[in-house]
Amino acid sequence: MSLGTAENDSASEIHLPAEIDWHMLDKSKFFFLGAALFSGVSAALYPVVVLKTRQQVSATQISSLKLSFSIMRHEGVRGFYRGFGTSLMGTIPARALYMTALEVTKSSVGTATVRVGFSDTTATAIANAAAGLSSAMAAQLVWTPIDVVSQRLMVQGCSNSSSGLGPCRYKNGIDAFRKILRTDGPRGLYRGFGISILTYAPSNAVWWASYSVAHRLVWGGLGCSAYKKDENFVNAGGGRCAYRPDSKAMLAVQGLCAAMASGMSVMITMPLDTIKTRMQVLDGEQNGRRQPLTVMQTVKNLVKEGGFAACYRGLGPRWVSMSMSATTMITTYEFLKRLSTKSRESF
């Protein structure tokens with residue numbers, strides 16, 4: 001399915017590079033380069049994730065700037081990278097599952113929707129939404145245990161956190177993994193798995209669908225604008241003109257669309273993400289024994305601490321993190337696909 005050309009009127013069209021489908025990729029190169037590229041992205045954005053997580057488990061509202069100064073003063077730069085080793089080890093297999101499910105679903109659903117009779121734009125949105133949904137669900141099989149361990153390391157020693165962190169202290173990710181497994185069993189590593197699916201699956205579906213729609217709209221607007229100025233247009237034959245954007249324009253549009261899609265996704269799923277984080281990190285107490293919090297207990301605690309607004313603690317860092325992550329992810333992802341494309345003779 002080729003969805004690379006977006007028409008904006010009867011006299012002009014935008015010629016984008018052809019869509020690279022799953023069967024066109026060299027899988028070994030795709031996964032090897034993907035692991036390296038996305039590890040670098042994770043390292044750059046990890047401090048923002050730490051800020052977001054600490055704000056979500058905080059008993060009171062605290063600004064990102066104040067929290068950053070506090071971490072730097074008491075823990076140094078290392079405080080911004082608590083649990084990073086664990087997170088990095090989980091990123092590689094989780095990303096592999098994510099990218100595989102994404103590409104396979106997008107290709108198969110996209111082809112099926114076009115055959116059914118949907119328009120090119122609608123087929124793209126449906127395919128991207130389905131791909132986002134399936135890829136998030138696949139990745140959570142690996143990512144939830146990593147999330148539980150890394151987040152506990154992130155908030156360890158946090159002075160302004162809620163009262164449910166518990167007395168357990170972890171030396172590193174392996175130590176945390178062992179202690180959680182010994183205390184709570186395998187269920188402890190998958191704490192919050194259901195709410196994680198409810199958070200990330202719709203979030204990814206909304207993001208990919210929003211991204212595809214924004215991509216069409218932005219290119220349509222740019223095409224109209226450029227056509228009026230007669231810039232970068234070439235004769236396409238039959239009295240039509242074709243706009244061929246350069247690499248800088250494509251990079252800028254991808255980044256803009258990723259940020260737009262992230263804003264939509266974050267606003268919809270932020271309360272679920274806050275609940276998920278607290279369920280994975282905090283404990284409740286009943287009859288003198290510590291036990292995992294339920295969804296209802298978590299919601300009640302949040303509302304008691306700060307009303308419905310407490311569900312949006314960490315909104316700023318999460319939006320920044322998701323926007324930066326999405327922008328770098330989509331540009332890196334498209335670059336990765338170009339690097340991993342087989343020679344034409346191969347297919």
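Side chains included, hydrogens not; waters and symmetry mates left out as well; all remaining heavy atoms used. Computed from a prediction, not measured in an experiment: that's the story for all the values here.
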Asker: Taking atom SG of Cys311 and atom CD of Glu305, what is their separation to the nearest 0.5 Å?
Answerer: 10.0 Å
Asker: For Gly110, is there any backbone N or O sitting under 3.5 Å from a side-chain donor or acceptor partner on Thr113?
Answerer: yes
Asker: Roughly how far, to the nearest 0.5 Å, is the CG atom of Leu133 from the CG atom of Leu102?
Answerer: 11.5 Å
Asker: Would you mind reporting whether Met322 and Met270 have side-chain heavy atoms less than 4.5 Å apart?
Answerer: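 With C-beta onward as the side chain, the pair stays apart.
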Asker: Could you pull out the closest heavy-atom pair between Val57 and Val155, with the gap in Å?
Answerer: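 Shortest heavy-atom contact: CG2-CG1, 3.7 Å.
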Asker: Between Ser265 and Ser203, does any side-chain donor sit less than 3.5 Å from a side-chain acceptor?
Answerer: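 Looking only at side-chain atoms, Ser203 and Ser265 do form a donor-acceptor pair, the distance falling under 3.5 Å.
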Asker: How about Tyr211 and Met260: do any of their side-chain heavy atoms sit closer than 4.5 Å?
Answerer: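 Contact flag for Tyr211/Met260 side chains = no.
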Asker: Any link between Leu293 and Met296 through a network of hydrophobic side chains (Ile, Leu, Val, Met, Phe, Trp, Tyr) touching at under 4.5 Å?
Answerer: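 Each belongs to a different hydrophobic cluster.
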Asker: Is it true that Asp273 and Lys52 have a side-chain N and a carboxylate O under 4.0 angstrom from each other?
Answerer: yes
Asker: Hey, are the side chains of Tyr98 and Asn204 touching, using non-hydrogen atoms and a 4.5 Å cut-off?
Answerer: yes
Asker: Are side-chain N/O atoms of Ser196 and Thr199 paired as donor and acceptor at under 3.5 Å?
Answerer: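 No pair is found: no donor N or O on one side chain lies under 3.5 Å from an acceptor on the other.
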Asker: What do the steps show when you test Asp147 against Lys276 for salt bridge (Lys or Arg N to Asp or Glu O under 4.0 Å), and what is the final call?
Answerer: CA-CA 10 Å; Asp147 217 15; Lys276 173 198 72 72; 3.0 Å; yes
Asker: Would you check if Glu75 and Arg82 make a side-chain contact, meaning some heavy-atom pair closer than 4.5 Å?
Answerer: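 With C-beta onward as the side chain, the pair touches.
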Asker: So, do Leu97 and Val142 sit near enough that their side-chain heavy atoms are less than 4.5 Å apart?
Answerer: yes
Asker: In the structure I gave you, are the side-chain heavy atoms of Pro186 and Leu181 within less than 4.5 Å of one another anywhere?
Answerer: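 Answer yes - side chains close enough.
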Asker: Which residue, Val149, Asn172, Val148, forms the side-chain contact (heavy atoms from CB on, under 4.5 Å) with Thr86?
Answerer: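 Of all the options given, the one that passes is Val149.
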Asker: Between Tyr81 and Leu51, is there a shared hydrophobic cluster once you connect ILVMFWY residues whose side-chain heavy atoms come closer than 4.5 Å?
Answerer: yes
Asker: Tell me whether Val266 is reachable from Trp208 by hopping between hydrophobic residues (I, L, V, M, F, W, Y) whose side-chain heavy atoms are closer than 4.5 Å.
Answerer: yes
Asker: Can you find a pair of side-chain heavy atoms, one from Phe80 and one from Tyr46, that are under 4.5 Å apart?
Answerer: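 Counting from C-beta outward, Phe80 and Tyr46 never come under 4.5 Å.
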Asker: Hey, quick one: are Leu272 and Val303 part of the same hydrophobic cluster, counting side-chain heavy atoms closer than 4.5 Å, chains of contacts allowed?
Answerer: yes
Asker: Under 4.5 Å between any side-chain heavy atoms of Gln280 and Ile195, yes or no?
Answerer: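 Not touching, per the 4.5 Å side-chain cut-off.
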Asker: Run the numbers on Ile71 and Ser68 for side chain to side chain contact (heavy atoms under 4.5 Å, CB included), then give the verdict.
Answerer: CA-CA 5 Å; Ile71 294 173; Ser68 298; 6.0 Å; no
Asker: When Asp184 is tested against each of Arg178, Lys179, Arg191 for salt bridge (Lys or Arg N to Asp or Glu O under 4.0 Å), which residue passes?
Answerer: Arg191
Asker: Under 3.5 Å, is there a donor-acceptor pair linking the side chains of Ser262 and Trp207?
Answerer: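 Short answer, yes.
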Asker: With a 3.5 Å cut-off and no angle check, do the side chains of Ser150 and Ser87 form a donor-acceptor pair?
Answerer: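 There is no such pair between these side chains.
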